[in-house]
Amino acid sequence: AVTAASDDRPFFESFLSVPLRIEGTTVGMLYLLSGENGAYSDDDRIVLDILANQTSESVRRLKAMLSREQRKIGQLLSDMQDGVVMFDEQGHIILANRRAHRLLLPDDSTSPLTLKRLNEVVDFSPGLILEETGKQNSTWQRTHTIKERQIQLTAYPIILERKGYTGTVLVARDTTEEHLHEEKKREFLSVVSHELRTPLSSINAALDLVLEKVAGDINERQEKYLDMARTACRRINRLIDDLLDIERYARGRMELTLQ
């Protein structure tokens, strides 16, 4: 048992110590302590030395595995097409890949990406998520134009079960081509719809006049086929109206009410 000294501090009559070494570097010590005098033998020292070697080898393997995983994650982040910026709970940048630097600071390839520069370019800080949404599990998203490029920013809070909020991840994505594609698609739908509507309106009006026999009498068979043509013409007009409604909804100019 361990005996206490007069100042209430424990003291030990016997101890063994063996250094923990990894690749020639001492990273710690392994101790055995006892309050009994002569508690340990040479065999105990040999066993402790074996245990220290096994512990050192396990730690070495663990460090090597962590190092490999860190390199994999680093390479993955480096090769990503999206920019990634990670902040700690104090709002300091702890990681930013090259893509984030190219997207957010396209004219500055030498200066590091800092929170101050980020605020200057896109007016973002990690606290914006909680300030604007009031929820820790919410997502913040904005689109900024940087050097004629459309950059979509999406920020996610990092929430751990026991620690709560521990940081923020900001993802920057170049959506310029997507915006151009969507714009061309909307322009195509708008032009085609309007170009079709004008002649169809004329055809529909002409069919109405013929069916109302303004231009002269028609027989029953002619009336049947002309009515079929007018029905098809009106169906195409309704399709055009639907296309235009979809285009308005995509632009945010119309709201849908589900019933």
Side-chain angles (χ1 to χ4, degrees), residues 76 79-85 97 99-100 102-104 106-107 121-124 128-129 131-157 169-259:
L76 177 64
D79 294 339
M80 286 181 64
Q81 292 300 310
D82 294 339
V84 178
V85 184
N97 65 356
R99 183 63 173 169
R102 287 196 294 267
L103 291 177
L104 300 174
D107 290 337
V121 175
V122 295
D123 190 24
F124 172 83
L128 280 175
I129 304 176
E131 290 176 5
E132 295 191 6
T133 63
K135 298 179 181 179
Q136 287 191 343
N137 59 351
S138 59
T139 300
W140 179 93
Q141 191 171 81
R142 295 289 185 276
T143 299
H144 288 266
T145 301
I146 302 176
K147 292 296 179 181
E148 301 182 354
R149 307 293 296 180
Q150 294 291 318
I151 308 299
Q152 183 186 71
L153 301 177
T154 306
Y156 309 88
V169 176
L170 176 67
V171 179
R173 174 174 295 178
D174 188 345
T175 58
T176 305
E177 298 301 325
E178 296 176 19
H179 278 279
L180 291 175
H181 176 73
E182 288 297 323
E183 187 65 29
K184 289 179 180 179
K185 183 174 71 174
R186 286 194 292 264
E187 290 178 0
F188 173 78
L189 287 175
S190 179
V191 170
V192 170
S193 299
H194 286 93
E195 290 296 326
L196 285 175
R197 171 170 284 187
T198 300
L200 282 174
S201 297
S202 300
I203 294 172
N204 191 62
L207 289 171
D208 286 339
L209 291 174
V210 174
L211 287 169
E212 290 173 5
K213 301 180 181 179
V214 174
D217 292 335
I218 55 175
N219 59 42
E220 185 176 343
R221 185 176 182 182
Q222 290 172 330
E223 185 176 359
K224 175 184 176 182
Y225 288 121
L226 288 170
D227 187 62
M228 290 173 59
R230 183 172 63 178
T231 300
C233 187
R234 290 176 177 175
R235 186 182 299 116
I236 294 174
N237 267 320
R238 287 195 297 270
L239 288 174
I240 293 173
D241 289 338
D242 291 341
L243 286 174
L244 292 175
D245 287 341
I246 292 173
E247 189 264 341
R248 293 189 193 101
Y249 177 74
R251 288 177 175 266
R253 297 178 179 176
M254 185 179 70
E255 295 183 359
L256 294 180
T257 302
L258 300 179
Q259 298 179 347

Using side-chain contact (heavy atoms from CB on, under 4.5 Å) as the criterion, list what pairs up with Leu200, not counting sequence neighbours.
Leu196, Cys233, Ile236, Asn237, Ile240
Only distances under 3.5 Å count here; give the side-chain donor-acceptor pairs of residues 206-213 to other protein atoms, sequence neighbours excluded, each with its distance to 0.1 Å.
residue : atom : partner : partner atom : Å
Asp208  : OD1  : Arg230  : NH1          : 2.9
Asp208  : OD1  : Arg234  : NH2          : 3.4

Regarding Glu187 and Lys184, does a basic nitrogen lie under 4.0 Å from an acidic carboxylate oxygen?
no
Enter the distance from [X]:[atom1] to [Y]:[atom2] here, rounded to the nearest 0.5 Å.
X: Asp242; Y: Arg238; atom1: CG; atom2: CZ; result: 9.0 Å
X: Asp217; Y: Gln222; atom1: CG; atom2: CD; result: 10.0 Å
X: Glu178; Y: Glu182; atom1: CD; atom2: CD; result: 8.0 Å
X: His144; Y: Asp123; atom1: NE2; atom2: CG; result: 6.5 Å

Thr176 and Gln150: which non-hydrogen atoms are nearest, and at how many Å?
OG1-N, 2.8 Å
All heavy atoms of Leu153 vs all of Ala172, minimum pair found to be CD2-CB, 3.6 Å
Sorted by chain and number, sequence neighbours left out, side chain to side chain donor-acceptor pair (under 3.5 Å) with Lys147 holds for Asp107
Counting C-beta onward and ignoring hydrogens, is there a side-chain heavy-atom pair between [X] and [Y] closer than 4.5 Å?
X: Val122; Y: Ile151; answer: no
X: Met228; Y: Tyr225; answer: yes
X: His179; Y: Thr143; answer: yes
X: Asp174; Y: Arg99; answer: yes

If only atom types and distance count, is the side chain of Asn97 paired as donor or acceptor with the main-chain N or O of Val84 below 3.5 Å?
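Checking the backbone N and O of Val84 against the side chain of Asn97, a donor-acceptor pair under 3.5 Å is found.
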